[in-house]
J.: 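This is the structure I have questions about; it appears just below.
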Amino acid sequence: MALPSLWGLYNLRSSPFFQATLRADSQATPLRLFVGRQRERQLLLTTIGSSASSRQAVAGRPGIGKTTLVQTVKADAQAEGYWSSDEIIPISAEGASEQLLGQLLSGVYDSVLANCPTAAGPEVEAAQQLVRGIRLRGGGLTVSAFGLGVGGSQSESVATPPEALLLDGPRVLRDLMGYAIGQGARGVVLHLNNLENLSEADATRAADLLRGIRDQALLQEGLHLIVVGTRSVFSNPLVLEPLGLADVEQLLANRYGSLQLDPARPCRSPVERAVVQRLYELFRGDLRGMLKALEDGITALLGLTSAGADVAPVGLEDLLLSLRQRNQVELQEQLGDTAWERLLAWAQVDAATAQTQAELVELWQVKQPSVSQTLQQLIEAGAVEALPRRGREAIQYLMTGISRLAF
Ligand SMILES: Nc1ncnc2c1ncn2[C@@H]1O[C@H](COP(=O)(O)OP(=O)(O)O)[C@@H](O)[C@H]1O
Ligand SMILES: [Mg+2]
């Protein structure tokens, strides 16, 4: 966490380089900071509006802006009479269909309460009871859905056994949807997010889980689903391309404006324009990585500055140097010697070209299982990413902005 006073040097209340998604209900990260993506926004909204129920997918590399786009589309839909909430439903490849069903029911219940705080009646009560049971079991809520070791909690608990959910869930969901429509909602829009680093097998399994509740729940009239992930669980996803540089510059300008400390003084960028341009090239659309690099680099540099009345925007050379040292130390520590040396060898060929596993077998002079193991390690450390597979081609791997900054 940066001290506010550091950002105060630039007439900013706090860090303009936060990496959180934008939310309608947030003062710190409000939706009005959203830029661009007009076509995608319209496309998603039109599909919701054109049928009684819908299922859409948004795909794209980590940090490119998927979650934030869907947050905005939910607000657009709400402006057109749909009900929704800021909550994001995490889906995983673990668990069973009834868990997913429980999550959907929870999501609709949240949307009903968000749009109609006085909601009451038998449909709402029945839903409340099931949802409470689900949340007690830890089923369908963030922690267990991310698989962070809540071993045993499901089988040992007595509240709402999964069978009850399978039996009653679809009816309770249907009644709750009926209630929402009866109260004037045009429909309910749910936002499901899967994990960033879902393997291909897990993505297939998540798709199977969704398909498993298709007839009972997904086709429910009034229900509109948007599923987000690096790998899509539905066919024909809307694939997000990187925001253009002009949009990224606007994104930053919006943040500076919104965090302006003293309205009498102009807001200033903490970095020179060349910095944004260079990081934009290095991160190729990964906004989260780029924002984090800006925040880390500037925090480190400003920490060295003695607070004066006027500081100049940070320049490219200074920032790159600071980030290079920092990222080298961090990556080397995290990866250990072998993986670090292999990454180094890759960077020496060309940090910007994609490699396949077969090419890395050549480059590293080791067998395929060892390549695969090192890649997994590099991916977990955020040093490498796997690009979405194109047709039958071998998967391509790319050094992330983080590791490209280290060299
Ligand atoms: N169109 C946009 N306008 C403004 N900020 C954006 C936009 N897209 C992404 N961001 C910002 O970039 C960061 C990463 O976006 P996020 O939606 O979390 O990416 P993803 O879900 O693809 O990993 C967040 O801080 C978010 O606020
Ligand atoms: Mg996301």
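Everything quoted here is computed from the prediction, not taken from an experiment. For ligands, and for the atoms within them, numbers begin at 1 and follow the listed sequence. The figures that follow rest on heavy atoms only: side chains count, while hydrogens, waters and symmetry mates do not. The residues of the chain are indexed from 1 along the displayed sequence.
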J.: Which ligand 1 atoms does Leu287 reach within 4.0 Å, using its non-hydrogen atoms?
T.: 8 (N), 9 (C), 10 (N), 12 (O)

J.: Do Asp208 and Arg205 sit within salt-bridge range, that is, some charged N less than 4.0 Å from a carboxylate O?
T.: no

J.: Using a strict cut-off of less than 4.0 Å between a Lys/Arg side-chain nitrogen and an Asp/Glu carboxylate oxygen, indicate whether Glu87 and Arg23 qualify as a salt bridge.
T.: yes

J.: Let's go through Leu343 and Val384 carefully: what are the C-alpha distance in whole Å and the side-chain angles of both, what is the deciding distance for side chain to side chain contact (heavy atoms under 4.5 Å, CB included) to 0.1 Å, and is it a yes or a no?
T.: CA-CA 9 Å; Leu343 189 63; Val384 164; 4.1 Å; yes

J.: Using a distance-only test with no angle check, is there a side-chain donor-acceptor pair under 3.5 angstrom linking Ser111 and Ser84?
T.: no

J.: Report yes if some N/O of Arg37 lies less than 3.5 Å from some N/O of ligand 1; otherwise report no.
T.: no

J.: I need the contact type for Leu240 against ligand 1. Using non-hydrogen atoms and a strict under-4.0 Å cut-off, is it side chain, backbone, both or neither?
T.: neither

J.: Gly63: heavy atom below 4.0 Å from ligand 1, yes or no?
T.: yes

J.: Distance from Leu104 atom CG to Ile213 atom CD1, nearest 0.5 Å?
T.: 4.5 Å

J.: What atoms of ligand 1 come within less than 4.0 Å of a heavy atom belonging to Leu251?
T.: 4 (C), 5 (N), 6 (C)

J.: Taking the six-membered ring for Trp and the full ring for Phe, Tyr or His, determine whether the centres of Phe17 and Trp7 are under 6.0 Å apart.
T.: yes

J.: Which of these, Glu40, Arg255, Arg288, Lys292, has its nearest heavy atom closest to atom 11 (C) of ligand 1?
T.: Arg255

J.: List every atom of ligand 1 that sits less than 4.0 Å from any heavy atom of Phe18, numbering the atoms from 1 in the order shown and giving each element.
T.: 25 (O)

J.: So, Thr21 and the Mg ion (ligand 2): N/O/S under 2.8 Å, yes or no?
T.: no

J.: Distance under 4.0 Å to a non-hydrogen atom of Val35: what atoms of ligand 1 satisfy this?
T.: 1 (N), 2 (C), 3 (N), 4 (C)

J.: What residues form a ring pair (Phe, Tyr, Trp, His ring centres under 6.0 Å) with His191, not counting sequence neighbours?
T.: none

J.: Is there a nitrogen or oxygen of Phe34 sitting under 3.5 Å from a nitrogen or oxygen of ligand 1?
T.: no

J.: Among side-chain atoms of Thr67 and Asn193, is any donor-acceptor pair under 3.5 angstrom?
T.: yes

J.: Return yes when Ala20 approaches ligand 1 closer than 4.0 angstrom through a heavy atom, no otherwise.
T.: yes

J.: Side chain, backbone, both or neither: which part of Gln19 comes within less than 4.0 Å of ligand 1 when only heavy atoms are counted?
T.: backbone

